[in-house]
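Below you'll find the structure, written out as structure tokens, and then a few comments.
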Number of protein chains: 2
Amino acid sequence: MTRPRAAPAGVPIAEAAARTGLSIDALRYYERDGLLLRPVPRSATGHRRYSAADLRWVELLTRLRATGMPIRDMRRYAALVRAGAGNEAERLELMRAHRRLVLDRLAEVTEHLGAIEHKIGVYEDALAEAAEARRAASA
Amino acid sequence: MTRPRAAPAGVPIAEAAARTGLSIDALRYYERDGLLLRPVPRSATGHRRYSAADLRWVELLTRLRATGMPIRDMRRYAALVRAGAGNEAERLELMRAHRRLVLDRLAEVTEHLGAIEHKIGVYEDALAEAAEARRAASA
DNA sequence: GGTTGACCTGGAGTGCACTCCAGGGTCGAG
DNA sequence: CTCGACCCTGGAGTGCACTCCAGGTCAACC
């Protein structure tokens, strides 16, 4: 087997932060807050070592966060996953509810975006007209 | 002319709240914070009377908010509009920057949504398979 | 052996966008 | 004249999601 000495088995928190885009503080905060599936394993000196699975989970969390899921709900979801098999229906419900929310917000933002683009158009026209007026005056 | 007695000329804050979807407190907060184009005019008894123009402006603010513009930027924009004609280029720049932000966020959320839908699919499959197993067992 | 750097903990502090509250005025209905 | 509804002000409080800090451990390098 290719296991020379005791392998490191996981990356330190600084690298976990770099890979997930979260800050070191946020990673520790997530753990304290029960958002992770387990306490992150420690090295002999008490330093956290994030496994690939830990990182994948944190990445899922960042996706949920980026789509507006509150910490509270992520905690609930983490608790369900920690509880193990048997509550898939509940997890599915949670995810579906979140998708509804995201879709609704997406639609709302898109609609407001229309109004903003309209506003931009108005300014563009006004500025173009002003430029035209200057051109005419200087002629 | 159809002006029977002194017309009310504007709606009270409760109605402004109902129309804009903001709370009464939020409306007062926006005003204190310099987000409005002018101090809202008052009735003889000191109560605010929102004109149609005031309401239109607040509605624009809610659109900007709903698309994630921070209060600070709305204040800057309000200041530009208050300053009057001549800074249209700056206003346009502000709006364009905001549009960029909204489009970026929209793209990001849409991408994450894909991952979430995938997750939903996984749960759906798992649950369907479990149901199938139960059916087979009971047969 | 001293310094540096990465990490640890518990807890305090921050920024944002409201939200709530005490204390008070005005007005119309009963 | 009292009551309730509506509004006012200044200021304190809230919830969220971090972020920062003091004080400390440990390993490695000079």
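The shown structure was predicted, so the numbers you read here are calculated from the model rather than taken from an experiment. A, B, ... follow the sequence lines: proteins, then strands. Residue 1 opens every chain.
Among the nucleotides C:dC8, D:dC7, C:dC18, the one closest to the side chain of B:Ile13 is D:dC7. Comparing C:dA17, C:dG25, C:dT9 by their closest approach to the side chain of B:Ile71 singles out C:dA17. For A:Arg72, counting side-chain heavy atoms from C-beta on, the closest listed nucleotide (D:dC16, C:dC8, D:dC7) is D:dC16. For B:Arg48, taking side-chain heavy atoms from C-beta onward, the closest of the listed nucleotides C:dC18, D:dC18, D:dT9 is D:dT9.
In terms of position on DNA chain C, the residue among B:Met69 and B:Thr45 whose nearest nucleotide sits closer to the 5' end is B:Met69. Both B:Asp25 and A:Asp25 lie near DNA chain D, and the one whose nearest nucleotide falls closer to the 5' end is B:Asp25.
Distance B:Arg32 CZ to D:dC7 P: 16 Å, rounded to the nearest Å. A straight line from CZ of B:Arg49 to C1' of D:dC8 spans 14 Å, rounded to a whole angstrom. Distance CD (A:Glu31) to C1' (D:dC18): 16 Å, rounded to an integer number of Å. Straight-line distance from the CG atom of B:Leu22 to the C1' atom of C:dT19: 13 Å, rounded to whole Å. Whole-Å rounding puts the B:Ile24 CD1 to C:dC20 C1' distance at 13 Å. Spacing between atom CG of A:Leu27 and atom P of C:dC7 amounts to 11 Å, rounded to whole angstrom units. Whole-Å rounding puts the A:Tyr29 OH to C:dG11 P distance at 16 Å.
A salt bridge links B:Arg135 with B:Glu132: at least one charged nitrogen is closer than 4.0 Å to a carboxylate oxygen. One finds a salt bridge joining A:Arg28 and A:Asp25 here, because a Lys/Arg side-chain nitrogen approaches an Asp/Glu carboxylate oxygen to under 4.0 Å.
Using a 4.0 Å cut-off, no side-chain N or O of B:Tyr30 falls inside it from OP1 or OP2 of C:dA17. The shortest distance between the side-chain N/O atoms of B:Arg42 and the OP1/OP2 oxygens of D:dT9 is below 4.0 Å.
Each side chain to side chain donor-acceptor pair (under 3.5 Å) pair with one or both residues in residues 52-61 of chain B, not counting sequence neighbours, appears once here: B:Arg38-B:Asp54, B:Ser51-B:Asp54.
Separation of atoms CG (B:Leu113) and NZ (B:Lys119) is listed at 14.5 Å; rounding is to 0.5 Å.
The shortest heavy-atom contact between B:Leu64 and B:Met74 is CB-SD, 3.9 Å.
Note on A:Ser43: nothing from the nucleic acid sits closer than 4.0 angstrom, heavy atoms only. Backbone-only contact: B:Arg65 has heavy atoms under 4.0 Å from sugar-phosphate atoms and none from a base.
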